[in-house]
Peer 1: 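Here it is, the structure in full.
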2 protein chains.
Amino acid sequence: MADTDRPMRSDARRNRELLVAVARRHLRLHGVTTSLEAIAREAGVGPGTLYRHFPDRDCLVAEVLRVENDELRAAGERIARDVGPAERLDAWLGEVERHVASYRGLSGPLVGALEGGQPTPLGPACEEMIATTTRFLAESQEAGVARPEVTAHDLVGCAAMLAWLGSTGPQGTQQADGARDILRHGYKVPG
Amino acid sequence: MADTDRPMRSDARRNRELLVAVARRHLRLHGVTTSLEAIAREAGVGPGTLYRHFPDRDCLVAEVLRVENDELRAAGERIARDVGPAERLDAWLGEVERHVASYRGLSGPLVGALEGGQPTPLGPACEEMIATTTRFLAESQEAGVARPEVTAHDLVGCAAMLAWLGSTGPQGTQQADGARDILRHGYKVPG
DNA sequence: AGGTTACCGGAGGCAGCCTCCGTGTACGGT
DNA sequence: ACCGTACACGGAGGCTGCCTCCGGTAACCT
(Lines give C-alpha, C1' and ligand atoms only; values in the text may rest on other atoms or scores of the structure.)
Protein backbone atom coordinates (compact mmCIF):
# COMPACT_ATOMS: atom_id res chain seq x y z
CA MET A 1 0.00 0.00 0.00
CA ALA A 2 1.71 3.11 -1.28
CA ASP A 3 0.95 6.53 0.06
CA THR A 4 -2.66 6.89 -1.03
CA ASP A 5 -2.88 10.63 -0.45
CA ARG A 6 -0.97 11.56 -3.54
CA PRO A 7 -2.53 14.64 -5.17
CA MET A 8 -4.96 13.94 -7.96
CA ARG A 9 -3.58 14.06 -11.46
CA SER A 10 -4.29 17.35 -13.16
CA ASP A 11 -6.48 16.01 -15.95
CA ALA A 12 -8.46 14.00 -13.44
CA ARG A 13 -9.15 17.04 -11.33
CA ARG A 14 -10.11 19.10 -14.33
CA ASN A 15 -12.56 16.47 -15.52
CA ARG A 16 -14.03 16.02 -12.09
CA GLU A 17 -14.69 19.71 -11.63
CA LEU A 18 -16.11 20.00 -15.10
CA LEU A 19 -18.47 17.12 -14.43
CA VAL A 20 -19.73 18.68 -11.23
CA ALA A 21 -20.34 21.98 -12.95
CA VAL A 22 -22.26 20.38 -15.80
CA ALA A 23 -24.15 18.13 -13.40
CA ARG A 24 -25.25 21.13 -11.40
CA ARG A 25 -26.93 22.65 -14.43
CA HIS A 26 -28.52 19.42 -15.52
CA LEU A 27 -29.86 18.72 -12.05
CA ARG A 28 -31.45 22.15 -11.91
CA LEU A 29 -33.07 21.61 -15.27
CA HIS A 30 -34.18 17.99 -15.12
CA GLY A 31 -34.08 16.91 -11.48
CA VAL A 32 -32.16 14.08 -9.92
CA THR A 33 -33.26 11.58 -12.56
CA THR A 34 -31.44 13.48 -15.27
CA SER A 35 -29.39 11.37 -17.67
CA LEU A 36 -25.87 10.76 -16.44
CA GLU A 37 -24.74 9.98 -19.95
CA ALA A 38 -25.92 13.36 -21.11
CA ILE A 39 -23.84 14.98 -18.41
CA ALA A 40 -20.78 13.03 -19.50
CA ARG A 41 -21.44 13.90 -23.14
CA GLU A 42 -21.77 17.59 -22.47
CA ALA A 43 -18.67 17.54 -20.32
CA GLY A 44 -16.85 15.93 -23.22
CA VAL A 45 -15.82 12.82 -21.34
CA GLY A 46 -16.77 9.19 -21.69
CA PRO A 47 -19.27 7.44 -19.43
CA GLY A 48 -16.45 5.49 -17.87
CA THR A 49 -14.84 8.66 -16.60
CA LEU A 50 -18.03 9.81 -14.99
CA TYR A 51 -18.63 6.50 -13.26
CA ARG A 52 -15.05 6.31 -12.04
CA HIS A 53 -15.30 9.68 -10.33
CA PHE A 54 -18.85 9.10 -9.06
CA PRO A 55 -19.68 5.42 -8.69
CA ASP A 56 -23.38 6.13 -8.49
CA ARG A 57 -25.90 8.88 -8.94
CA ASP A 58 -26.06 9.73 -5.26
CA CYS A 59 -22.34 10.39 -5.10
CA LEU A 60 -22.62 12.92 -7.87
CA VAL A 61 -25.65 14.57 -6.31
CA ALA A 62 -23.92 14.67 -2.94
CA GLU A 63 -20.93 16.42 -4.46
CA VAL A 64 -23.12 19.02 -6.13
CA LEU A 65 -25.01 19.48 -2.90
CA ARG A 66 -21.92 20.42 -0.94
CA VAL A 67 -22.02 23.87 -2.45
CA GLU A 68 -25.69 24.44 -1.78
CA ASN A 69 -25.07 23.30 1.76
CA ASP A 70 -22.85 26.30 2.28
CA GLU A 71 -25.70 28.54 1.23
CA LEU A 72 -28.02 26.79 3.66
CA ARG A 73 -25.57 27.28 6.48
CA ALA A 74 -25.34 30.96 5.66
CA ALA A 75 -29.11 31.21 5.70
CA GLY A 76 -29.14 29.61 9.13
CA GLU A 77 -26.71 32.17 10.47
CA ARG A 78 -28.66 35.01 8.96
CA ILE A 79 -31.85 33.76 10.56
CA ALA A 80 -30.23 33.35 13.96
CA ARG A 81 -29.09 36.95 13.71
CA ASP A 82 -31.99 38.76 12.06
CA VAL A 83 -35.20 36.90 12.80
CA GLY A 84 -37.12 37.16 16.08
CA PRO A 85 -37.51 34.07 18.24
CA ALA A 86 -41.18 33.68 17.40
CA GLU A 87 -40.63 33.22 13.66
CA ARG A 88 -37.18 31.74 13.72
CA LEU A 89 -38.23 28.13 13.41
CA ASP A 90 -40.69 28.90 10.64
CA ALA A 91 -38.05 30.78 8.73
CA TRP A 92 -35.48 28.05 9.13
CA LEU A 93 -37.84 25.30 8.04
CA GLY A 94 -38.72 27.39 5.04
CA GLU A 95 -35.06 27.44 4.10
CA VAL A 96 -34.75 23.71 4.59
CA GLU A 97 -37.74 23.19 2.37
CA ARG A 98 -36.29 25.41 -0.33
CA HIS A 99 -32.97 23.65 -0.08
CA VAL A 100 -34.51 20.21 -0.42
CA ALA A 101 -36.65 21.44 -3.28
CA SER A 102 -33.71 22.82 -5.20
CA TYR A 103 -33.52 19.71 -7.37
CA ARG A 104 -36.67 17.93 -8.39
CA GLY A 105 -36.81 14.45 -6.92
CA LEU A 106 -34.16 15.12 -4.31
CA SER A 107 -36.54 14.82 -1.36
CA GLY A 108 -36.82 11.06 -1.64
CA PRO A 109 -33.12 10.21 -1.48
CA LEU A 110 -32.56 12.85 1.17
CA VAL A 111 -35.22 11.46 3.47
CA GLY A 112 -33.76 8.03 2.90
CA ALA A 113 -30.44 9.30 4.17
CA LEU A 114 -31.89 11.13 7.17
CA GLU A 115 -31.46 8.39 9.70
CA GLY A 116 -27.89 7.27 9.39
CA GLY A 117 -28.44 3.56 9.84
CA GLN A 118 -25.66 2.94 7.41
CA PRO A 119 -23.87 5.93 5.91
CA THR A 120 -24.99 6.98 2.45
CA PRO A 121 -23.39 9.53 0.17
CA LEU A 122 -26.09 11.99 1.13
CA GLY A 123 -25.61 11.50 4.85
CA PRO A 124 -23.34 14.50 5.40
CA ALA A 125 -25.81 16.73 3.62
CA CYS A 126 -28.40 15.73 6.20
CA GLU A 127 -26.45 15.85 9.41
CA GLU A 128 -25.96 19.55 9.41
CA MET A 129 -29.59 20.14 8.56
CA ILE A 130 -30.64 18.03 11.50
CA ALA A 131 -28.16 19.69 13.82
CA THR A 132 -29.29 23.20 13.03
CA THR A 133 -32.92 22.24 13.21
CA THR A 134 -32.31 20.72 16.62
CA ARG A 135 -30.84 24.00 17.80
CA PHE A 136 -33.64 26.17 16.52
CA LEU A 137 -36.25 23.74 17.78
CA ALA A 138 -34.80 23.56 21.29
CA GLU A 139 -34.76 27.35 21.42
CA SER A 140 -38.37 27.53 20.35
CA GLN A 141 -39.41 24.89 22.82
CA GLU A 142 -37.72 26.69 25.69
CA ALA A 143 -39.40 29.90 24.60
CA GLY A 144 -42.74 28.12 24.73
CA VAL A 145 -43.34 28.55 21.00
CA ALA A 146 -43.03 24.95 19.85
CA ARG A 147 -44.71 21.93 21.38
CA PRO A 148 -42.30 19.82 23.42
CA GLU A 149 -43.22 16.48 21.83
CA VAL A 150 -42.00 17.55 18.41
CA THR A 151 -38.57 16.33 17.31
CA ALA A 152 -36.09 17.73 14.83
CA HIS A 153 -36.37 14.62 12.71
CA ASP A 154 -40.10 15.13 12.47
CA LEU A 155 -39.62 18.68 11.33
CA VAL A 156 -37.03 17.92 8.69
CA GLY A 157 -39.29 15.13 7.48
CA CYS A 158 -42.11 17.64 7.23
CA ALA A 159 -39.98 20.07 5.28
CA ALA A 160 -39.04 17.29 2.89
CA MET A 161 -42.70 16.35 2.45
CA LEU A 162 -43.54 19.94 1.61
CA ALA A 163 -40.68 20.13 -0.84
CA TRP A 164 -41.95 16.96 -2.44
CA LEU A 165 -45.52 18.18 -2.63
CA GLY A 166 -44.41 21.48 -4.09
CA SER A 167 -42.62 19.71 -6.90
CA THR A 168 -45.44 17.46 -8.02
CA GLY A 169 -46.90 19.81 -10.55
CA PRO A 170 -48.20 23.27 -11.35
CA GLN A 171 -50.64 23.49 -8.47
CA GLY A 172 -48.32 21.61 -6.19
CA THR A 173 -47.20 24.97 -4.90
CA GLN A 174 -50.68 25.88 -3.75
CA GLN A 175 -51.20 22.46 -2.20
CA ALA A 176 -47.95 22.92 -0.35
CA ASP A 177 -49.03 26.33 0.91
CA GLY A 178 -52.09 24.81 2.52
CA ALA A 179 -50.17 21.93 4.00
CA ARG A 180 -47.46 24.23 5.33
CA ASP A 181 -50.07 26.27 7.13
CA ILE A 182 -51.51 23.19 8.77
CA LEU A 183 -48.08 21.96 9.78
CA ARG A 184 -47.18 25.29 11.35
CA HIS A 185 -50.29 25.18 13.45
CA GLY A 186 -49.32 21.63 14.31
CA TYR A 187 -45.89 22.09 15.75
CA LYS A 188 -46.61 25.26 17.66
CA VAL A 189 -48.10 25.63 21.09
CA PRO A 190 -51.74 26.64 20.56
CA GLY A 191 -52.91 30.04 21.62
CA MET B 1 -68.47 6.56 -38.20
CA ALA B 2 -70.03 3.20 -37.54
CA ASP B 3 -71.71 2.39 -34.27
CA THR B 4 -68.76 2.67 -31.95
CA ASP B 5 -70.40 0.91 -29.03
CA ARG B 6 -70.00 -2.53 -30.45
CA PRO B 7 -69.06 -5.00 -27.71
CA MET B 8 -65.39 -5.77 -27.39
CA ARG B 9 -64.14 -8.84 -29.17
CA SER B 10 -63.82 -11.79 -26.82
CA ASP B 11 -60.07 -12.26 -27.13
CA ALA B 12 -59.56 -8.56 -26.59
CA ARG B 13 -61.57 -8.61 -23.39
CA ARG B 14 -59.78 -11.66 -22.12
CA ASN B 15 -56.39 -10.11 -22.71
CA ARG B 16 -57.42 -6.86 -21.15
CA GLU B 17 -58.63 -8.49 -17.98
CA LEU B 18 -55.57 -10.67 -17.81
CA LEU B 19 -53.34 -7.64 -18.15
CA VAL B 20 -55.11 -5.82 -15.36
CA ALA B 21 -54.82 -8.82 -13.06
CA VAL B 22 -51.12 -9.22 -13.72
CA ALA B 23 -50.54 -5.48 -13.46
CA ARG B 24 -52.19 -5.45 -10.07
CA ARG B 25 -49.69 -7.93 -8.71
CA HIS B 26 -46.72 -6.22 -10.29
CA LEU B 27 -47.78 -2.84 -8.98
CA ARG B 28 -48.07 -4.22 -5.46
CA LEU B 29 -44.62 -5.73 -5.70
CA HIS B 30 -42.64 -3.07 -7.53
CA GLY B 31 -44.62 0.15 -7.36
CA VAL B 32 -45.87 2.29 -10.21
CA THR B 33 -42.53 2.29 -12.00
CA THR B 34 -42.71 -1.45 -12.57
CA SER B 35 -41.77 -2.65 -16.03
CA LEU B 36 -44.70 -2.66 -18.43
CA GLU B 37 -42.93 -5.11 -20.66
CA ALA B 38 -42.64 -7.56 -17.79
CA ILE B 39 -46.38 -7.32 -17.27
CA ALA B 40 -47.03 -8.02 -20.92
CA ARG B 41 -44.58 -10.91 -20.86
CA GLU B 42 -46.15 -12.53 -17.85
CA ALA B 43 -49.60 -12.06 -19.30
CA GLY B 44 -48.37 -13.82 -22.40
CA VAL B 45 -49.12 -10.97 -24.79
CA GLY B 46 -46.89 -8.73 -26.86
CA PRO B 47 -46.00 -5.19 -25.86
CA GLY B 48 -48.18 -3.91 -28.67
CA THR B 49 -51.25 -5.42 -27.11
CA LEU B 50 -50.57 -3.83 -23.78
CA TYR B 51 -50.03 -0.40 -25.30
CA ARG B 52 -53.14 -0.68 -27.41
CA HIS B 53 -55.32 -1.34 -24.38
CA PHE B 54 -53.55 1.16 -22.15
CA PRO B 55 -51.85 3.91 -24.13
CA ASP B 56 -49.76 4.94 -21.16
CA ARG B 57 -48.80 3.87 -17.71
CA ASP B 58 -51.36 6.08 -16.00
CA CYS B 59 -54.20 4.48 -17.90
CA LEU B 60 -53.18 1.06 -16.66
CA VAL B 61 -52.76 2.27 -13.10
CA ALA B 62 -56.11 4.01 -13.23
CA GLU B 63 -57.80 0.83 -14.33
CA VAL B 64 -56.22 -1.15 -11.52
CA LEU B 65 -57.19 1.56 -9.09
CA ARG B 66 -60.87 1.30 -9.89
CA VAL B 67 -61.10 -1.81 -7.76
CA GLU B 68 -59.28 -0.36 -4.79
CA ASN B 69 -61.56 2.62 -5.03
CA ASP B 70 -64.47 0.39 -4.14
CA GLU B 71 -62.68 -0.66 -1.00
CA LEU B 72 -62.04 2.94 -0.09
CA ARG B 73 -65.68 3.79 -0.54
CA ALA B 74 -66.64 0.92 1.72
CA ALA B 75 -64.20 2.15 4.34
CA GLY B 76 -65.81 5.57 4.16
CA GLU B 77 -69.22 4.16 4.80
CA ARG B 78 -67.96 2.06 7.66
CA ILE B 79 -66.39 5.09 9.25
CA ALA B 80 -69.50 7.19 8.86
CA ARG B 81 -71.41 4.44 10.62
CA ASP B 82 -69.06 3.23 13.34
CA VAL B 83 -66.67 6.03 14.27
CA GLY B 84 -67.58 8.89 16.57
CA PRO B 85 -67.58 12.45 15.22
CA ALA B 86 -64.42 13.40 17.07
CA GLU B 87 -62.22 10.80 15.38
CA ARG B 88 -64.07 10.48 12.11
CA LEU B 89 -61.86 12.81 10.11
CA ASP B 90 -58.68 11.24 11.48
CA ALA B 91 -59.94 7.78 10.60
CA TRP B 92 -60.93 8.80 7.10
CA LEU B 93 -57.66 10.50 6.36
CA GLY B 94 -55.89 7.41 7.59
CA GLU B 95 -57.80 5.41 5.03
CA VAL B 96 -56.95 7.87 2.29
CA GLU B 97 -53.32 7.67 3.24
CA ARG B 98 -53.38 3.89 3.15
CA HIS B 99 -55.15 3.93 -0.17
CA VAL B 100 -52.65 6.28 -1.74
CA ALA B 101 -49.80 4.26 -0.27
CA SER B 102 -51.07 1.00 -1.70
CA TYR B 103 -48.66 1.25 -4.62
CA ARG B 104 -45.22 2.71 -4.13
CA GLY B 105 -44.82 5.88 -6.14
CA LEU B 106 -48.51 6.41 -6.66
CA SER B 107 -48.71 9.55 -4.54
CA GLY B 108 -46.98 11.69 -7.12
CA PRO B 109 -49.25 11.00 -10.08
CA LEU B 110 -52.29 11.12 -7.83
CA VAL B 111 -51.48 14.55 -6.49
CA GLY B 112 -50.84 15.67 -10.03
CA ALA B 113 -54.35 14.62 -10.91
CA LEU B 114 -55.98 16.21 -7.87
CA GLU B 115 -56.89 19.52 -9.42
CA GLY B 116 -58.65 18.68 -12.62
CA GLY B 117 -57.20 21.41 -14.79
CA GLN B 118 -57.30 19.04 -17.68
CA PRO B 119 -58.65 15.56 -17.11
CA THR B 120 -56.05 12.86 -16.57
CA PRO B 121 -56.60 9.11 -16.40
CA LEU B 122 -56.29 9.29 -12.63
CA GLY B 123 -58.83 12.08 -12.28
CA PRO B 124 -61.81 9.88 -11.46
CA ALA B 125 -59.83 8.14 -8.74
CA CYS B 126 -59.38 11.52 -7.07
CA GLU B 127 -62.80 13.04 -7.36
CA GLU B 128 -64.48 10.65 -5.03
CA MET B 129 -61.70 11.00 -2.50
CA ILE B 130 -62.12 14.74 -2.52
CA ALA B 131 -65.88 14.52 -2.31
CA THR B 132 -65.90 12.25 0.72
CA THR B 133 -63.20 14.27 2.41
CA THR B 134 -65.24 17.40 1.86
CA ARG B 135 -68.19 15.76 3.59
CA PHE B 136 -66.26 14.56 6.61
CA LEU B 137 -64.42 17.84 6.89
CA ALA B 138 -67.59 19.94 6.80
CA GLU B 139 -69.07 17.75 9.51
CA SER B 140 -66.00 18.18 11.69
CA GLN B 141 -65.92 21.89 11.14
CA GLU B 142 -69.57 22.27 12.13
CA ALA B 143 -68.89 20.15 15.19
CA GLY B 144 -66.06 22.53 16.10
CA VAL B 145 -63.43 19.83 15.78
CA ALA B 146 -61.59 21.05 12.68
CA ARG B 147 -60.34 24.57 12.02
CA PRO B 148 -62.54 26.42 9.53
CA GLU B 149 -59.69 27.59 7.28
CA VAL B 150 -58.71 24.07 6.33
CA THR B 151 -59.86 22.78 2.95
CA ALA B 152 -60.45 19.27 1.68
CA HIS B 153 -57.78 19.71 -0.96
CA ASP B 154 -55.29 20.58 1.75
CA LEU B 155 -56.16 17.46 3.68
CA VAL B 156 -55.94 15.11 0.73
CA GLY B 157 -52.64 16.71 -0.14
CA CYS B 158 -51.48 16.04 3.41
CA ALA B 159 -52.55 12.42 3.24
CA ALA B 160 -50.65 12.04 -0.01
CA MET B 161 -47.57 13.61 1.55
CA LEU B 162 -47.74 11.16 4.43
CA ALA B 163 -48.16 8.26 2.06
CA TRP B 164 -45.14 9.46 0.17
CA LEU B 165 -43.03 9.89 3.28
CA GLY B 166 -44.05 6.48 4.54
CA SER B 167 -42.83 4.85 1.35
CA THR B 168 -39.37 6.41 1.25
CA GLY B 169 -37.62 3.71 3.18
CA PRO B 170 -37.47 1.59 6.29
CA GLN B 171 -37.72 4.43 8.78
CA GLY B 172 -40.10 6.33 6.57
CA THR B 173 -42.90 4.82 8.61
CA GLN B 174 -41.61 6.36 11.81
CA GLN B 175 -41.04 9.69 10.12
CA ALA B 176 -44.57 9.56 8.86
CA ASP B 177 -45.89 8.83 12.34
CA GLY B 178 -44.30 11.97 13.66
CA ALA B 179 -45.52 14.06 10.78
CA ARG B 180 -49.03 12.68 11.04
CA ASP B 181 -49.16 13.67 14.67
CA ILE B 182 -48.11 17.21 13.84
CA LEU B 183 -50.63 17.43 11.04
CA ARG B 184 -53.46 16.24 13.25
CA HIS B 185 -52.67 18.93 15.76
CA GLY B 186 -52.59 21.32 12.85
CA TYR B 187 -55.99 20.85 11.34
CA LYS B 188 -57.87 20.58 14.62
CA VAL B 189 -59.22 23.33 16.78
CA PRO B 190 -56.77 23.69 19.66
CA GLY B 191 -57.84 22.84 23.17
C1' DA C 1 14.25 11.23 -21.56
C1' DG C 2 12.06 7.36 -20.36
C1' DG C 3 9.37 4.24 -17.44
C1' DT C 4 5.48 3.71 -14.57
C1' DT C 5 1.04 4.21 -13.42
C1' DA C 6 -3.09 6.67 -13.11
C1' DC C 7 -6.48 7.95 -15.96
C1' DC C 8 -9.15 8.26 -20.23
C1' DG C 9 -13.01 7.09 -23.29
C1' DG C 10 -15.48 4.34 -26.22
C1' DA C 11 -17.38 -0.11 -27.39
C1' DG C 12 -20.77 -3.13 -26.04
C1' DG C 13 -24.20 -5.83 -23.28
C1' DC C 14 -28.50 -5.23 -20.98
C1' DA C 15 -33.19 -3.48 -19.96
C1' DG C 16 -37.05 -0.66 -20.72
C1' DC C 17 -40.08 2.34 -23.72
C1' DC C 18 -42.89 2.63 -27.53
C1' DT C 19 -44.34 1.98 -32.71
C1' DC C 20 -45.32 -0.13 -36.85
C1' DC C 21 -47.05 -3.61 -39.70
C1' DG C 22 -47.74 -8.36 -41.49
C1' DT C 23 -50.52 -12.06 -39.82
C1' DG C 24 -54.26 -14.31 -37.63
C1' DT C 25 -58.89 -14.86 -35.95
C1' DA C 26 -63.49 -13.73 -33.89
C1' DC C 27 -67.78 -12.23 -35.52
C1' DG C 28 -72.00 -10.92 -38.33
C1' DG C 29 -74.20 -11.58 -42.48
C1' DT C 30 -75.90 -14.78 -45.97
C1' DA D 1 -72.10 -23.80 -42.66
C1' DC D 2 -69.38 -20.66 -44.87
C1' DC D 3 -67.07 -16.43 -45.97
C1' DG D 4 -65.31 -11.70 -45.91
C1' DT D 5 -63.89 -8.14 -43.24
C1' DA D 6 -62.54 -5.52 -39.72
C1' DC D 7 -60.52 -5.88 -35.45
C1' DA D 8 -56.97 -7.44 -32.63
C1' DC D 9 -52.49 -9.78 -31.99
C1' DG D 10 -47.51 -9.91 -31.11
C1' DG D 11 -42.95 -9.54 -32.35
C1' DA D 12 -39.26 -7.05 -34.60
C1' DG D 13 -36.72 -3.09 -34.15
C1' DG D 14 -35.25 1.76 -33.15
C1' DC D 15 -34.29 4.54 -29.36
C1' DT D 16 -32.38 5.95 -24.78
C1' DG D 17 -30.19 5.15 -20.58
C1' DC D 18 -27.34 2.31 -17.25
C1' DC D 19 -23.07 0.39 -16.25
C1' DT D 20 -18.49 -2.37 -17.15
C1' DC D 21 -14.42 -3.59 -19.11
C1' DC D 22 -10.08 -2.92 -21.31
C1' DG D 23 -6.66 -1.18 -24.76
C1' DG D 24 -4.54 3.03 -25.27
C1' DT D 25 -2.77 7.59 -23.75
C1' DA D 26 -0.59 11.05 -21.31
C1' DA D 27 0.67 12.94 -16.82
C1' DC D 28 4.05 12.61 -13.38
C1' DC D 29 8.52 11.24 -11.11
C1' DT D 30 13.33 10.55 -11.30
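So that the names make sense, note that chain A is the first sequence line, chain B the second, and so on, each numbered from 1. Just so it is clear, the values below take in all heavy atoms, side chains as well, and ignore hydrogens, waters and symmetry mates.
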Peer 1: Output the rounded distance in Å from CZ (A:Arg13) to C1' (D:dC28).
Peer 2: 14 Å
Peer 1: Scan A:Ser35 against the nucleic acid and name what it touches under 4.0 Å (heavy atoms): base, sugar-phosphate only, or nothing.
Peer 2: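 Answer is sugar-phosphate: A:Ser35 comes under 4.0 Å of backbone atoms only.
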Peer 1: Return the nearest nucleotide to the side chain of A:Met8; candidates are C:dG10, D:dC18, C:dC7.
Peer 2: C:dC7
Peer 1: How many Å lie between CG on A:Leu60 and P on D:dC18, as a whole number?
Peer 2: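 From A:Leu60 CG to D:dC18 P: 11 Å.
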Peer 1: Any side-chain N or O of B:Arg52 under 4.0 Å from OP1/OP2 of D:dC9?
Peer 2: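 Yes, within the criterion.
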Peer 1: Please figure out whether A:Gly44 or B:Pro55 has its closest DNA chain C nucleotide nearer the 5' end.
Peer 2: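 That would be A:Gly44.
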Peer 1: Any base atoms under 4.0 Å from B:Arg57, or only sugar-phosphate, or nothing? Heavy atoms, all strands.
Peer 2: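 Counting heavy atoms under 4.0 Å across all strands, the contact made by B:Arg57 is with sugar-phosphate only.
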Peer 1: For C:dC7 and A:His53 - does any side-chain N or O of the residue sit under 4.0 Å from the phosphate oxygens OP1/OP2?
Peer 2: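 Result: no.
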Peer 1: Going only through I, L, V, M, F, W and Y residues with side-chain contacts under 4.5 Å, is there a path from A:Tyr51 to A:Val64?
Peer 2: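 Result: yes, single cluster for both.
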Peer 1: When all nucleic acid strands are considered with a 4.0 Å heavy-atom cut-off, which category describes A:Arg41: base, sugar-phosphate, or nothing?
Peer 2: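 Sugar-phosphate contact only.
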Peer 1: Measure from OH on B:Tyr51 to C1' on C:dC18 and round the result to the nearest Å.
Peer 2: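 Atom-to-atom, B:Tyr51 to C:dC18, this comes out as 6 Å.
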Peer 1: If you look at every heavy atom in B:Arg88 and B:Val83, which pair is closest and at what distance?
Peer 2: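 What the structure gives for the nearest pair is NE-O, 2.9 Å.
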Peer 1: To the nearest Å, how far apart are A:Ile39 CD1 and D:dG17 P?
Peer 2: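 Computing the A:Ile39:CD1 to D:dG17:P distance gives 11 Å.
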Peer 1: Apply the side-chain contact (heavy atoms from CB on, under 4.5 Å) test between B:Tyr187 and each candidate in B:Leu93, B:Asp154, B:Leu137; give the one that qualifies.
Peer 2: B:Leu93
Peer 1: Starting from C1' on C:dT19, measure out to CG on B:Leu50 and report it in whole angstrom.
Peer 2: 13 Å
Peer 1: Write down the atom of B:Glu37, the atom of B:Pro47, and the distance for their closest heavy-atom approach.
Peer 2: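 Taking B:Glu37 first and B:Pro47 second, the nearest heavy atoms are OE2-CG, 4.3 Å.
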Peer 1: Atom CZ of A:Phe54 to atom P of C:dG9: distance rounded to whole Å?
Peer 2: 14 Å
Peer 1: If you check every side-chain atom of A:Leu36, which of C:dG9, D:dA27, D:dC19 has the closest atom?
Peer 2: D:dC19
Peer 1: So, OP1 or OP2 of C:dC27: does either fall under 4.0 Å of a side-chain N or O from B:Ser10?
Peer 2: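 Looking at the OP1 and OP2 atoms of C:dC27, one of them is under 4.0 Å from a side-chain N or O of B:Ser10.
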Peer 1: Would you call the rings of B:Trp164 and A:Trp164 parallel, tilted or perpendicular, where under 30° means parallel and over 60° means perpendicular?
Peer 2: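 Ring orientation, 0 to 90° scale: parallel.
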Peer 1: When the distance from NE2 of A:His30 to P of D:dT16 is rounded to whole Å, what number comes out?
Peer 2: 15 Å
Peer 1: Quick one: A:Glu37 CD to D:dC15 P, roughly how many Å, whole number?
Peer 2: 15 Å
Peer 1: With distance as the sole criterion, do the side chain of B:Arg9 and the base of D:dC7 form a donor-acceptor contact below 3.5 Å?
Peer 2: yes
Peer 1: A:Asn15 side chain N/O closer than 4.0 Å to the phosphate oxygens (OP1, OP2) of C:dC8?
Peer 2: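 For A:Asn15, the contact criterion (side-chain N or O under 4.0 Å from OP1 or OP2 of C:dC8) is met.
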